[in-house]
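Worksheet: one structure, shown below.
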Amino acid sequence: MGRDPARHPGALGALRSLLPTAADYRGFPRTLRSDLLAGVTVGIVALPLALAFGVSSGVGAEAGLVTAIVAGLIAAVFGGSNVQVSGPTGAMVVVLAPIVAAHGVGAVAILSLMAGALVAVAGLLRLGRAVGFIPWPVIEGFTAGIGVIIFLQQVPAALGDPGGGAGERSTSAAVAAWQTLLATDWAAAILPLAVVLAVALVMILLPRIAPAIPASFVAILLVSIVSVVAGLPLATIGELPRSLPLPALPEFSPGALASLAGPAVAVAALAAIESLLSARVAATMRDTGRFDPDRELLGQGLASIASGLFGGMPATGAIARTAVNVRSGARTRLAAIVHSVFLLLIVLLLGNLVSRIPLAALAGVLVVTALRMVAPSTIRRVLRAGRASTLLFFLTLGVTVAFDLVVAVVAGLAVAAVLALRALSLASGAERQPLPGEPAPGDERIALFQLRGSLYFGAAERLVDDILTEPGVDVVILRLSGLQLVDATGANALAGLVSDLERRGATVLIKGIRPEHRLLLERVGVISSLRHPNHLFAELDPALAHARSHVARGE
C-alpha cells in the first residue's frame, strides 16, 4: 500500500521547502527597477563568457548560449539563492574538454542529464551543507588550478590554431599547449596574439577608468568591429541559430551510459561544489535573503537536466557573474531571470552579429579571467597561514592541473584529514601531575595522570604510552574530564590500559568521565575493567582520599 501524504506532513513539508514560493520575490514591485538593471548588466557580462566557455569546452558557442539561457532561467527559479547567476563556467570547461575529446560532442547532452539528476538527488537527500567540510586551502588550490588550465586551454586559439590544426592534441591542457607551441607558424600567429593582447588591455584598463562599464563586452565589441571593418583574416564563432532548439531526449545506449558514469559523477561533484561556494560567497556580500543549500542543489540539478534537453552543457553557479549581479543591485531572483531573457533576445535578434566575433577575442576574455582566478593576494594569505595550508594549496593546485578537479578535491581532503588527525594527536596526551593539597605519607606510591585532547584511533597508542608508571606505584588515578573526543579505538585502548595496570598490581581509579563519553566507555569495557565499581569518581578529592586509604592499608 502507498503512503498517505496526509500522514507524513514532515516529508511533504521538507519537499515543499525545496520548491519555489511567492516569498522568493518579496518586495516586488519595489525591487523591479534594480532587478531589471542588474539583470541586463549581468547579461552583458555573461554574453562573451557564455560564448567563450562554450567554444573552449569543445561543445561550441551555441551550447554555451543555450546553457546560459536555459540553465540560468531554471536555476534562478528553483535554486536556493535569490541572487545566484548560473550557466557555463571555467571550472566546468576544465572538466568537459577532456570528456568531449574522449567521447565526442554528442555525449555532452547525456552527461548533462546524468550529472543533473545526481545533483538534484543530492539536494533531495539534504547534502547541501557537505561543502562546508572542504578546507579553505583546498578550495583556493583548485580555483587557482582551474585558472591555470583555462589559461593553457587558450593557447591554441591565441596562436591562430583554435580547431586543432596542429594535429591530434593531448587531452591534457598543459601538453596540448606545448604541442601547439611546437607546431605554431609564428608569422601567422602575430594577428591573433595581437587581438588577445588588445582584449586583455581593454579588460584590465577600462575598469580603472569606468568601473561601471562591462569591460569584457566592450573589448569584444571593439575588436569585432575592427575585425569586420578591416577584413582581418581571423577565425570567428560562425553561424548561430536564430532561435532556441526544441527540447528533446538525446540518443543514448546502455553502453554510453556505462562509459559516462564516471565523468557524470565528476561533473556532478564539481557542479555541486562550485554552485554552493558561489551562493555562499554571494550570501556574505549583501543581505539578499536566506540561502538554502539543499534547494540550491535541487535547482542546479534541474538546470543541468533542462540544459541537456535543449542541447546545452552542464551548468553551475558562476561566482563572477553572481558577484556582478549583487553589486549591480539585484534583490530577487528576477535579476537572474532577466539575465537569461536578455541573452535569449540576443540570440533572436542579433545572432548574425554575434557569429562574427573572432575566436581570438574570446580567448583574450578567458586569459584575463584565468589570471584573475590566480590571485597573488590569496596565495600570500595561504602561505602566511602555515605549512599545512601551503601544502594543501599547492597539492590541490598541482593535482588539478595534472589530473582533474575531482581527484584534486579528493586528494586535498585526504591530506587535510591526515593533517587534522596529526594535529589532534599532537594536542593529545597524558601528563603526570603533582597531587593537590598537603603531602601525606605514601603519596609517592600514587600517580595522578591528566588525559587531554582526543582519545581516538590516531592518538590512542601514543596517549597510552605516555602513562608509564614507575616501580613502587600502587595506585593510578586517571583524570578523564579533559578529554574532548573519544572513539571506539581510543576507548578500547583505555580499557586495555586499565586491565594491564591492574594485572601489574596497580589499582586504577577513574575520575571525571564526561556524560557524552560514558555510554561508549561502558560498552567497550573501560568501567568493567576496574577492580571495583567504587573506583569511579566524579571529583578529585574523594578519588585522592580513596587512593590514600589503599596505600595506608597496603593494598
Side-chain angles (χ1 to χ4, degrees), residues 388 417-555:
V418 171
L419 293 175
L421 291 175
R422 180 176 179 272
L424 278 175
S425 177
L426 293 176
S428 304
E431 177 188 2
R432 185 164 181 177
Q433 298 180 321
L435 301 182
E438 292 295 325
D443 278 1
E444 70 279 359
R445 296 164 61 189
I446 301 172
L448 172 63
F449 286 92
Q450 170 73 61
L451 279 66
R452 66 181 186 280
S454 301
L455 188 58
Y456 73 108
F457 68 90
E461 184 177 348
R462 177 177 175 272
L463 190 146
V464 168
D465 287 343
D466 287 344
I467 304 178
L468 299 176
T469 57
E470 302 170 2
V473 171
D474 295 332
V475 182
V476 176
I477 304 175
L478 301 179
R479 302 181 68 178
L480 305 187
S481 56
L483 288 177
Q484 304 298 318
L485 170 68
V486 179
D487 72 356
T489 302
N492 184 65
L494 183 59
L497 171 67
V498 172
S499 298
D500 184 52
L501 291 173
E502 292 282 359
R503 280 195 303 270
R504 289 193 284 170
T507 299
V508 179
L509 310 180
I510 293 180
K511 174 266 171 187
I513 293 179
R514 298 173 67 155
E516 62 268 29
H517 301 156
R518 187 180 184 96
L519 183 59
L520 175 60
L521 297 183
E522 287 178 348
R523 288 177 172 175
V524 175
V526 173
I527 296 175
S528 62
S529 299
L530 296 173
R531 186 175 302 180
H532 195 281
N534 290 340
H535 291 176
L536 199 61
F537 298 88
E539 301 295 336
L540 180 58
D541 288 343
L544 182 56
H546 195 87
R548 284 170 172 164
S549 70
H550 270 266
V551 172
R553 294 194 304 266
E555 296 180 1

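The chain is numbered in sequence order, starting from 1. Computed from a predicted model, the values in this text were never measured in an experiment.
- Considering all non-hydrogen atoms of both residues, Ile477 and Ala547 come closest at CD1-CB, 4.0 Å.
- Here the closest heavy-atom approach between residue Leu520 and residue Ala491 is recorded as CG-CB, 4.1 Å.
- The residue from Arg445, Arg553, Arg504 that alone fulfils the salt bridge (Lys or Arg N to Asp or Glu O under 4.0 Å) condition with Asp474 is Arg445.
- Ile513 is listed as a side-chain neighbour of Ile527, based on a closest heavy-atom distance under 4.5 Å.
- Expressed to the nearest 0.5 Å, how far CZ of Arg479 lies from CD1 of Ile510 amounts to 14.0 Å.
- For the pair Leu480/Leu521, a side-chain contact is recorded, criterion being any heavy-atom separation below 4.5 Å from C-beta on.
- For His550 and His535, the ring centers are positioned less than 6.0 Å apart.
- Atoms CG and CG, from Asp443 and Leu435 in turn, are 5.0 Å apart once rounded to the nearest 0.5 Å.
- Closest approach of Leu501 to Val476, counting heavy atoms only: CD1-CG1, 4.2 Å.
- Leu494 approaches Leu478 most closely through the heavy-atom pair CD1-CD1, 4.1 Å.
- Pairing each heavy atom of Glu444 with each of Arg432, the nearest pair is O-NH2, 4.4 Å.
- For Asn492 (side chain) and Thr489 (main-chain N/O), no donor-acceptor pair under 3.5 Å exists by modelled atom type.
- Considering all non-hydrogen atoms of both residues, Ile446 and Arg548 come closest at CD1-CG, 3.8 Å.
- For the atom pair CD (Gln450) and OG (Ser481), the distance works out to 5.0 Å, reported to the nearest 0.5 Å.
- Rounded to the nearest 0.5 Å, atoms CG (Leu483) and CZ (Arg452) are 10.5 Å apart.
- Between Leu544 atom CG and Lys511 atom NZ the span is 12.0 Å, to the nearest 0.5 Å.
- Here CG of Leu536 is found 5.0 Å from CZ of Arg518. Values are rounded to the nearest 0.5 Å.
- By the neighbour-count criterion of 12 heavy atoms within 6.0 Å, atom CZ of Arg523 is sparsely surrounded, having that number or fewer from other residues, nucleotides or ligands.
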